Student: 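What follows is a single structure, and I will ask about it in a moment.
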Amino acid sequence: MTYDWDFSALIHYAPAFGRGVITTLALTAIVIATGTPAGIAYALLLRKSPNWLRRILVFLMDILRCVPVLVLLFLSYYAIPIVLHGSKISAFGIASIGLAAYLGAFVADVTRGALDTVPTGYIDAARAVGLSSMAVFWRIESRYVLKVTMPTIAVLWIGTLKNSSIASIIGVYELTHIADMTIANTFRSIETYTVVALLYIAIIFPLSVAARHLEGTLGGFKKQPQE
């Protein structure tokens, strides 16, 4: 069986694919810009909370991490307007909230784990020279956590870019949604998804290489002995 490849039908939709790429990148940027600091803040809240509250917060974080992102977006699509008492919010806004919450849960868990592994020797040495608790956090702990978690968080960011394709199910006109509309008009499924795959590869491959380079650059810091 042979297949008659024909990409000429897609030329007319090139501007639409361009808009889809822009929407995908914009959605990803917003999710990263909101979900990452939210996750870090949640991890810091976990650290400062009493044991009973910490257990509740960890439970909520784990629940959010267990829900498939597809299900989370559907729940967000129907629940957020109810929570906002019928206020209008775009599909793009709902996708941003849902994906940011999903990313934030994973960032919180990664940050929490890194905070728990800060070598006590670093902290004791900083306190021995008279640094305050706040200074110890900003000069020692935050820098250690940043170097330890950045490779993992970079991978989570790449995953966020790929997860943005799921936003098409609630009507966000990102790259995958544009592909579905193109297929409905041209009936060239294989060609359309080939173009979409190539576009994602062109965006994600350099980021993946950069993430591996970052992991190699910072990996040595994680191997220092804890005291």
Side-chain angles (χ1 to χ4, degrees), residues 3 5-7 9-39 61 63-81 89-110 151-212 214:
Y3 182 78
W5 292 85
D6 181 14
F7 288 91
L10 305 182
I11 297 177
H12 176 71
Y13 296 92
F17 279 109
R19 291 191 295 271
V21 170
I22 292 174
T23 301
T24 295
L25 294 177
L27 177 61
T28 302
I30 292 173
V31 170
I32 290 174
T34 55
T36 303
M61 179 183 68
I63 289 296
L64 189 57
R65 292 170 60 229
C66 290
V67 177
V69 64
L70 176 65
V71 176
L72 180 61
L73 282 183
F74 269 127
L75 288 175
S76 300
Y77 183 75
Y78 291 108
I80 289 178
I89 180 171
S90 66
F92 185 92
I94 292 175
S96 299
I97 295 172
L99 291 174
Y102 190 76
L103 173 63
F106 284 91
V107 171
D109 190 52
V110 170
T152 302
I153 291 178
V155 173
L156 291 176
W157 289 348
I158 294 173
T160 296
L161 177 57
K162 291 189 287 187
N163 285 339
S164 67
S165 64
I166 302 177
S168 63
I169 64 170
I170 60 174
V172 178
Y173 285 83
E174 47 72 59
L175 189 54
T176 305
H177 193 69
I178 295 298
D180 292 338
M181 296 176 61
T182 303
I183 292 171
N185 292 323
T186 64
F187 303 102
R188 308 303 299 188
S189 302
I190 297 178
E191 291 88 340
T192 300
Y193 282 121
T194 298
V195 170
V196 170
L198 292 174
L199 288 172
Y200 273 113
I201 290 172
I203 297 171
I204 295 175
F205 184 77
L207 299 177
S208 299
V209 173
R212 285 198 299 270
L214 182 63

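Source: prediction; values computed, not measured.
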Student: Can I183 and Y193 be said to form a side-chain contact (heavy atoms from CB on, under 4.5 Å), step by step?
Tutor: CA-CA 9 Å; I183 292 171; Y193 282 121; 3.2 Å; yes
Student: With V155, which residues qualify under side chain to side chain contact (heavy atoms under 4.5 Å, CB included), at least two apart?
Tutor: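 Partners of V155 by the side chain to side chain contact (heavy atoms under 4.5 Å, CB included) criterion come out as none, since no residue qualifies.
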Student: Quick one: closest heavy-atom pair of A108 and M61, and the distance?
Tutor: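 Shortest heavy-atom contact: CB-SD, 3.8 Å.
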Student: Can you measure from NZ (K162) to OG1 (T176) and round to the nearest 0.5 angstrom?
Tutor: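 OG1 of T176 is found 12.5 Å from NZ of K162.
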Student: What is the minimum heavy-atom distance between F17 and A179, and which atoms define it?
Tutor: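 F17 and A179 have their closest heavy atoms at CE2-CA, 4.4 Å.
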Student: Once you round to the nearest 0.5 Å, how far does CD1 of I158 lie from CD1 of I153?
Tutor: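 It is 12.5 Å, given to the nearest 0.5 Å.
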Student: Should the heavy atoms of other residues, nucleotides or ligands under 6.0 Å from OH of Y200 be counted, would the total exceed 12?
Tutor: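 Yes.
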Student: OG/S189 to CG/D180 distance, rounded to the nearest 0.5 angstrom?
Tutor: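 Output value for this atom pair is 9.0 Å.
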Student: Using the test side chain to side chain contact (heavy atoms under 4.5 Å, CB included), find all partners of D6 that sit at least two apart in sequence or belong to another chain.
Tutor: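 Residues passing side chain to side chain contact (heavy atoms under 4.5 Å, CB included) with D6: S8, R188, E191.
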Student: Distance from L175 atom CG to I22 atom CD1, nearest 0.5 Å?
Tutor: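 One finds 11.5 Å between CG of L175 and CD1 of I22.
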Student: Taking only residues two or more places apart in sequence or in another chain, which ones pass salt bridge (charged side-chain N to carboxylate O under 4.0 Å, His left out) with R65?
Tutor: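 Checked R65 against salt bridge (charged side-chain N to carboxylate O under 4.0 Å, His left out); matches are D62, D109.
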Student: Any side-chain heavy atom of T192 within less than 4.5 Å of one from Y13?
Tutor: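 No; the side chains remain at least 4.5 Å from each other.
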Student: Without placing hydrogens or testing angles, list every side-chain donor-acceptor pair under 3.5 Å for residues 89-107, not counting sequence neighbours.
Tutor:
unit_1 : atom_1 : unit_2 : atom_2 : d
S90    : OG     : G93    : N      : 3.0
S96    : OG     : F92    : O      : 2.8

Student: Indicate every side-chain donor-acceptor pair of residues 26-35 with a distance under 3.5 Å to a residue at least two apart or in another chain.
Tutor:
unit_1 : atom_1 : unit_2 : atom_2 : d
T28    : OG1    : T24    : O      : 2.8
T34    : OG1    : I30    : O      : 2.8
T34    : OG1    : V31    : O      : 3.3

Student: Taking side chain to side chain contact (heavy atoms under 4.5 Å, CB included) as the definition, give me every residue that meets it alongside T194, ordered by chain and number, with sequence neighbours left out.
Tutor: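 Listed in chain order: W5, F7, I190, L198.
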Student: Quick one: closest heavy-atom pair of A167 and E174, and the distance?
Tutor: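 Scanning both residues completely, I find the closest heavy atoms to be CB-CG, 4.4 Å.
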